[in-house]
Amino acid sequence: MAEREQHRMIAGAQAPGKLYVAGEYAVVEHGHPAILVAVNRMLTVRVTGHGENPGEGALSGDAPGNTQGESAAAASLPLDSRATGNIRSQGHDEAATTWHRDAHGRCVPDEERPGAAYLVAAIQCVEELAHAAGIGPHIFDIDVTSDLDDVSGRKYGLGSSAAVTVAAMRALLRFYGLESAFEPIEQYKLAFAIACRAGNVGSGGDLAASLFGGCIRFCSPDRDWVGQRLDDTALPELIRMSWPDLSVTRLPVFDSDSVTVSPAALRLLVGWTGKPASTADLVTNVQHHSTDERERRYREFLEHSDRCVDALCEALAQSDMAAVREHIAQARELLHGLSSLTGTLIETPRLTALVETAIAHGAAAKSSGAGGGDCGIAIIGVGGADRSAADESDAESTESAVSAIFQDWRLAGIEPLDLAVCAPLAKAPQWQTKRSSRKDDHVRLALQQHEQEPANAFDDVRFVHHALCGVSVSQVDMSTTVCSSRWELPFYINAMTGGSQRTGTINAALARAAQATGIAIASGSQHAALRDPELAATFTAIREQSQGFVFANVGPTVTPQQAVQAVAMLNANALQIHVNLAQEIVMPEGNRDFSGWPRRIREIIAASPVPVVVKEVGFGMSRRSVEQLAALGARTVDVSGRGGTDFAAIENSRRSAREYGYLDGWGQSTVMCLLDCCGFGASGGGPLGSVDILASGGVRNPLDVVTSLALGAKAVGVSGHFLRVLEDRGESGLVDEINAWSEQLRSLMALLGASTVADLQHTDLLLGGTTLEQATLLGVDAAALAHRSA
């Protein structure tokens, strides 16, 4: 053994710097998007083991001769507890330290150095994964070199903390032979956990850019949710979990490997003002101001930013330079408004000069990142204009425009940086145009509708109070039977969304809340996943996060085979068939032929391996419609009336001229549907005994739930209210809300003397307002309804 040549094992990795294109302030709030690019300046981390290894010299994973298997073998060598490792960072003495292992084998720095915090946290976190994989610890040195800053040490604001976190994480994963064990998104979660452990994590967008490379659309995870679980969840389990609001999507732009966009279609230019800025200080100042009376305007800023970022994503993906200019200008104006709102200087005079100079030469331009100094960006098309295919003259025109911009920048004291967007480094889902954007539009517009929950037809119904009819709260049984299954609670999370990265995150959060509270949940329309299997994960997240009752969801345009596929996709307990004729009429890209819907509904019901619910989407079901559905084989119908999310209004908002604005508010209220369908009217006699009725649409509180049950519904679906709660209060807030509804519902039933859900149908109800007028026209015996308990 002594005669064998001793070698040092080296594993290493590189990570690029980053720049923000848009959304840099909104992204600090979880669930709000930003666009980032990784740039071709790199930070390198090398891990040198104190052991024997035959593959000396090469960066593991970057060159042949040093495989992950060799790294794992070296890492499992016997540990000398007396040995120490070194951390060295070229040009950054504040990061230099030595480290040892404590009695538990954990990496501990000999001297606390703030500059080494990310490296120490990276060692500790990666070694938690190694321990879980049965790999023992090892002693090693870490060396960091970087060209993210100027040779003189001036900082350009390219995100060195994120780059060192990502590079150290990847180098250590390679050192321990673990890199291939984790998907890119799981590696991102690990990097985020490392930054949290180091005590300094912002939105995490810089981490995503450094890990994934190229150009990305990014939504930050819920940092409070992550922070809570870092304390009580094993790290391997945590990074395998779905994280609320986290989303990383690849934009095919500035990418020489792209097959969608010509690599010469758009070019990114970067200028540096010569003044470093503190991102943390600027963002903290904005967030501080956003919590006072200006909260409403701050929320408006976030909503406008979301729309701007997604419109810019579309423009970049299509290489539409005119639209890029328009939306970059919008992003700049939004930052001006935020600056005015909070009194924070974002665009300094020198950044203004950088931007205005580039705009004068036909580019789109704005500040990048937190502002207050640092960098600005410009995007220019081939020939300085709107061309998307390169030829020799275009290239010459582009170079002329670039030279002119750089020359004017220098005259204004701005240093052009020799930067380009680096190639993609890790696989991420591609940005989905058009259809996915529509899904995100629906969520955004629905949230706007539910900012305030106005009066609706539920307010026209009042219970007659009987002072002595109450029962013990402990006697109340809230259970009901839906689709032959017993539910402990008579309300559920109704169909909402799916089909895009953001909506997939929403589905996962909703499903976790359903699992935590024991209620059923319905998927949004799965058509997007049936057309594009890559989008299936935005729906399967529901079943992955909830073991309870789940509805699949399709429309009457799919084949019976596709409907069965949708059920299998979610391992669903039942299938919703949504009918949305009014929405399709207003939707710019909607269907126009509805003649085959009845036949297809019959075929889907016959083919489905699970019970079927036919539901409206907020325009209501008349008794005539329910009778037709019963003849087609339907045994459960969700009347889903007007009063909640108005999809006619949403689709009108997606039309530039709002041509169908007169259809806003179309349909019957949920209350009117129940009065018509559940035996209170003269149009068809008594209740439809062969069909169970569910209610949804405009349900705002537990009293609306009780009212719906009293009017004959077997259970009540809630969509917009729960979505708004999730947006405003997060996942834990939604769980609290559902639990509160459950407690209040039990109390309301006791107040009304109803021990069971069926007992509610013997309570006395008074109708008033427009509902009474309309009910009278339908032949509803309002007087009989007021004396049911007799």
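Bear in mind that the values here come from a model prediction, so they are computed numbers and not experimental data.
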Next on the checklist: Suppose we screen for side-chain contact (heavy atoms from CB on, under 4.5 Å). Which residues come up paired with Ala168, at least two apart in sequence or across chains?
Outcome noted: Val45, Leu119, Ala122
Checklist entry - How would you list, by chain and number, every residue that makes a side chain to side chain donor-acceptor pair (under 3.5 Å) with Lys18, sequence neighbours excluded? => result none
Checklist entry - Taking only residues two or more places apart in sequence or in another chain, which ones pass ring pair (Phe, Tyr, Trp, His ring centres under 6.0 Å) with Phe212? => result none
Item to check | Those residues that, when tested against Gln330, pass side-chain contact (heavy atoms from CB on, under 4.5 Å) (two or more places apart) | outcome: Cys308, Glu326, His327
Item to check | Pairwise salt bridge (charged side-chain N to carboxylate O under 4.0 Å, His left out) hits with a residue in residues 190-199, at least two apart | outcome: Glu128-Arg197
Next on the checklist: Checking Ser220 now: which residues fulfil side chain to side chain donor-acceptor pair (under 3.5 Å) with it, not counting sequence neighbours?
Outcome noted: Arg223
Checklist entry - Which residues pass the salt bridge (charged side-chain N to carboxylate O under 4.0 Å, His left out) test with Arg240, sequence neighbours left out? => result Glu186
Item to check | Contacts of Asp143 that satisfy side chain to side chain donor-acceptor pair (under 3.5 Å) - sequence neighbours left out | outcome: Arg88
Checklist entry - Listed by chain and number, what are the ring pair (Phe, Tyr, Trp, His ring centres under 6.0 Å) partners of Phe182, not counting sequence neighbours? => result none
Checklist outcome for this item: Residue set satisfying side chain to side chain donor-acceptor pair (under 3.5 Å) with Ser203, at least two apart, ordered chain then number -> Tyr20
Item to check | Contacts of Ala508 that satisfy side-chain contact (heavy atoms from CB on, under 4.5 Å) - sequence neighbours left out | outcome: Ser242, Arg512, Ala541, Gln545
Checklist entry - Mind checking what makes side-chain contact (heavy atoms from CB on, under 4.5 Å) contact with His32, not counting sequence neighbours? => result Ala26, Glu29, Arg299, Leu302, Asp306, Glu727
